[in-house]
Amino acid sequence: MVLGFGCGDDGVVGDASSSSTGGSTGGEGSTSSEGSGTASSSVDDSGSTSSSGNQGTTGTGSSGSADSSGDASSGASSSGGSDSSSSGGETGLVLGDCYEASHPWAGALCGSALTPCTVLVDEAVDGVGYFRNGSPSVTHDDTCTPSVLFSVAEGGYFGHVATRTGTDAWDTAGTPAAVALGAIAWDTDLDVLRVLEYDGASAIAHHTYDGASFGIEPALHDGEYLLDGEAAASLGHGHWHIATESWGDGIYLYGEFDGAWTTVPMTTATALATAVSDLDEAHVTYYATSAGSWAHYYVPAPDGPPELVFDSGTDSLMAAGSGIAMVGSTPHVIAARPTGDGLQEVVYAVRNAADDWTVRTVVADDTTGEQQCGEPQVDGETCDYDYVRHRPLGIVASHGGDVRLLWAETHAMGTLTASCDFACTWTPTADDSEHAMWISAPTDDDFDDAILVDRDVASIDVEVDGVGNIHLAAYVFTTDGDTTVDYLLLGP
């Protein structure tokens with residue numbers, strides 16, 4: 001879900017609509033569809049910089065460190081300390097057979113009212129807050145062991161690959177190329193991780209990683225194309241499908257790697273998401289403007305005709321988050337649909353046939369009873385704010401038919417105090433905001449909803465393994481607006 005990127009040293013900040021400190025503004029902004037045609041996304045940091053990423057210093061893990069090359073020592077502490085279901089003995093690993101006949105998974109998923117999800121593992125991959133772009137990327141190997149690609153955007157761009165080795169233990173290595181945004185996938189044929197690294201400037205590098213060293217693979221050199229984990233997909237056999245957005249003109253490029261890259265320029269788009277069917281066919285969703293308003297589209301890449309999923313009817317896009325998952329060859333989509341006046345709803349869309357979609361509301365922003373703060377007038381004036389907002393985070397599916405939707409809820413509550421000099425401005429003096437990540441299971445006419453964790457999740461990447469567990473990597477806001485990196489394993 002990539003719209004832009006930035007470097008923390010340049011003072012670029014993320015979308016305030018989802019930050020743990022954003023609620024203290026007491027009001028919200030919007031982005032017009034006129035102009036560049038891109039929107040500020042609640043799960044992506046936006047800005048403009050083109051650092052090569054080979055200078056500066058950053059760290060990874062709560063006790064880890066990194067030198068200027070980006071290499072990092074391992075070390076992380078658990079944010080939840082949970083590892084309640086383990087077949088790995090004292091190692092804490094939840095192991096299984098993830099890439100034989102059971103992949104891609106076609107069995108049941110947790111998250112329904114009858115089979116709620118248990119958080120089997122809840123750990124910090126990088127417990128130190130840094131400025132980061134986009135989302136992390138998560139994958140798993142033949143034994144269901146997870147690996148996470150995450151970045152740091154302070155003093156340059158730095159990428160890190162972390163593989164879980166036991167309870168609260170992650171082996172972390174710096175990537176060879178700079179990473180402003182990227183993606184990771186397991187290659188079961190070669191028993192290696194495949195890493196795509198967008199350097200924040202002009203190229204997407206491609207490496208394999210066997211746990212000890214990186215190998216060079218053909219890179220994609222097609223100009224300034226942004227790549228995020230949600231816009232790259234692979235079934236695990238070294239075959240990539242990606243959708244990348246040009247941050248210069250907004251045109252998106254479909255790319256396929258099967259030993260070599262082939263690319264197809266597509267259309268103007270933003271907030272791209274990609275999934276593959278059980279036949280290894282690519283499917284892409286994105287936002288674009290239509291007759292002055294934002295609309296959501298779907299296309300079977302690379303040569304299928306685009307289909308309208310929904311038209312919002314408004315020229316503002318508060319949080320351009322979307323995700324796509326496949327049940328067989330049927331796409332299922334989660335997205336934000338603007339409803340005007342800075343509000344939106346999280347929607348779930350299913351393709352019935354060509355140009356025929358059913359769109360249902362999962363949860364909607366509601367102004368009933370809320371308190372917002374207008375412009376301050378007098379020095380020392382105070383205002384209490386209280387409102388609730390929602391954002392889509394991700395979607396997963398089983399090829400057997402189960403679909404699970406993940407979304408964020410922020411209940412912004414606090415107090416602002418006016419400071420007046422030449423003009424009056426609000427200063428936060430209390431912030432009691434509450435945050436949660438929810439999971440929803442569609443039923444025939446409603447949704448089974450449950451809170452997974454109480455934390456301020458900025459963005460996620462999520463996938464299902466070959467035993468039906470759900471792997472989730474998240475950037476989580478700290479109180480000062482930076483993000484840490486969390487990993488969760490969900491199962492029945």
Side-chain angles (χ1 to χ4, degrees), residues 1-3 31 33 37-39 41-44 228 230-233 241-245 250-252 254 266-277 281-340 343-365 390-397 401 403-407 440 442 445 447 462:
M1 297 173 280
V2 179
L3 297 177
T31 302
S33 63
T38 61
S41 168
S42 61
V43 295
D44 296 301
D228 199 35
E230 195 70 21
H241 299 273
I242 67 172
T244 66
E245 178 193 344
I251 299 297
Y252 98 77
Y254 168 73
M266 302 297 280
T267 185
T268 303
T270 193
L272 298 151
T274 305
V276 291
S277 71
E281 298 168 334
H283 301 257
V284 178
T285 62
Y286 59 90
Y287 289 90
T289 54
S290 174
S293 67
W294 284 102
H296 199 77
Y297 292 90
Y298 156 82
V299 60
D303 53 5
E307 299 179 16
L308 177 67
V309 180
F310 63 80
D311 190 337
S312 71
T314 178
D315 65 355
S316 64
L317 194 61
M318 285 299 298
S322 66
I324 181 171
M326 305 300 298
V327 175
S329 294
T330 300
H332 296 247
V333 172
I334 187 172
R337 179 164 62 183
T339 56
L343 305 176
Q344 65 182 16
E345 55 188 4
V346 177
V347 298
Y348 166 56
V350 182
R351 188 175 188 252
N352 306 309
D355 293 308
D356 181 13
W357 289 77
T358 297
V359 182
R360 300 161 56 188
T361 299
V362 182
V363 64
D365 294 342
H390 307 90
R391 296 176 288 114
L393 290 174
I395 183 171
V396 291
V403 178
R404 301 295 181 257
L405 314 166
L406 296 116
W407 48 277
S440 295
D445 56 2
F447 298 90
V462 61

Open item on the list: The test is side chain to side chain contact (heavy atoms under 4.5 Å, CB included); show your working for Tyr297 and Val309 and say whether it passes.
Closed with: CA-CA 5 Å; Tyr297 292 90; Val309 180; 5.6 Å; no

Open item on the list: Name the residue from His390, Arg391, Gln344 that meets the side-chain hydrogen bond (donor to acceptor under 3.5 Å, both in side chains) definition with Asp365.
Closed with: His390

Task: Between OG1 on residue Thr289 and CG on residue Asp311, distance to nearest 0.5 Å - done: 10.0 Å

Open item on the list: Just so I know, are the side chains of Arg404 and Ser440 near enough to count as touching, which here means a heavy-atom distance under 4.5 Å?
Closed with: no

Task: Heavy-atom pair of closest approach, residues His283 and Ser277 - done: NE2-CB, 4.0 Å

Open item on the list: Among Val327, Ile324, Val396, exactly one meets side-chain contact (heavy atoms from CB on, under 4.5 Å) together with His332. Which residue is that?
Closed with: Val327

Open item on the list: With a 4.5 Å cut-off on side-chain heavy atoms, are His296 and Thr285 touching?
Closed with: yes

Open item on the list: For Thr267, give me all partners under side chain to side chain donor-acceptor pair (under 3.5 Å), at least two apart in sequence or on another chain.
Closed with: none

Open item on the list: Contact between Pro300 and Glu281 at the side-chain level, heavy atoms closer than 4.5 Å - yes or no?
Closed with: no

Open item on the list: Tell me whether the rings of Phe310 and Tyr287 are parallel (<30°), tilted (30 to 60°) or perpendicular (>60°).
Closed with: perpendicular

Open item on the list: Assess the residue pair Ile334 and Val346 against the criterion (side chain to side chain contact (heavy atoms under 4.5 Å, CB included)); give the C-alpha distance rounded to whole Å, side-chain angles, the decisive distance to 0.1 Å, and a yes or no.
Closed with: CA-CA 7 Å; Ile334 187 172; Val346 177; 3.9 Å; yes

Task: Heavy-atom closest contact (Glu307 atom, Asp355 atom, distance) - done: OE1-N, 2.9 Å

TODO: Start with the C-alpha distance between Leu272 and Thr244, add both sets of side-chain angles, then the distance that settles side chain to side chain contact (heavy atoms under 4.5 Å, CB included), and finish with yes or no.
DONE: CA-CA 7 Å; Leu272 298 151; Thr244 66; 5.7 Å; no

Task: Distance-minimising heavy-atom pair for Val403 and Ala397 - done: CG2-CB, 4.1 Å

- [ ] Enter the distance from Asp445:CG to Arg360:CZ here, rounded to the nearest 0.5 Å.
- [x] 7.5 Å

Open item on the list: Please check: side-chain N/O of Thr274 versus main-chain N/O of Ala233, any donor-acceptor pairing under 3.5 Å?
Closed with: no

Open item on the list: Given 3.5 Å as the limit, does a donor-acceptor pair link the side chain of Glu245 with the main chain of Tyr252, or not?
Closed with: no

Task: From CD (Glu230) to OG (Ser322), nearest 0.5 Å - done: 7.5 Å

Task: Closest heavy-atom pair and its distance - Val299, Gly304 - done: CG2-O, 3.0 Å

TODO: Taking the side chain as every heavy atom from C-beta outward, state whether Arg337 and Val359 have any pair of such atoms under 4.5 Å apart.
DONE: yes

Task: Heavy-atom pair of closest approach, residues Tyr286 and Pro306 - done: OH-CB, 3.6 Å

TODO: Could you tell me how the ring of Tyr348 sits relative to the ring of Phe447: parallel (under 30°), tilted (30 to 60°) or perpendicular (over 60°)?
DONE: perpendicular

Task: Exercise: identify the closest heavy-atom pair between Trp407 and Pro392 - done: CB-CA, 4.1 Å

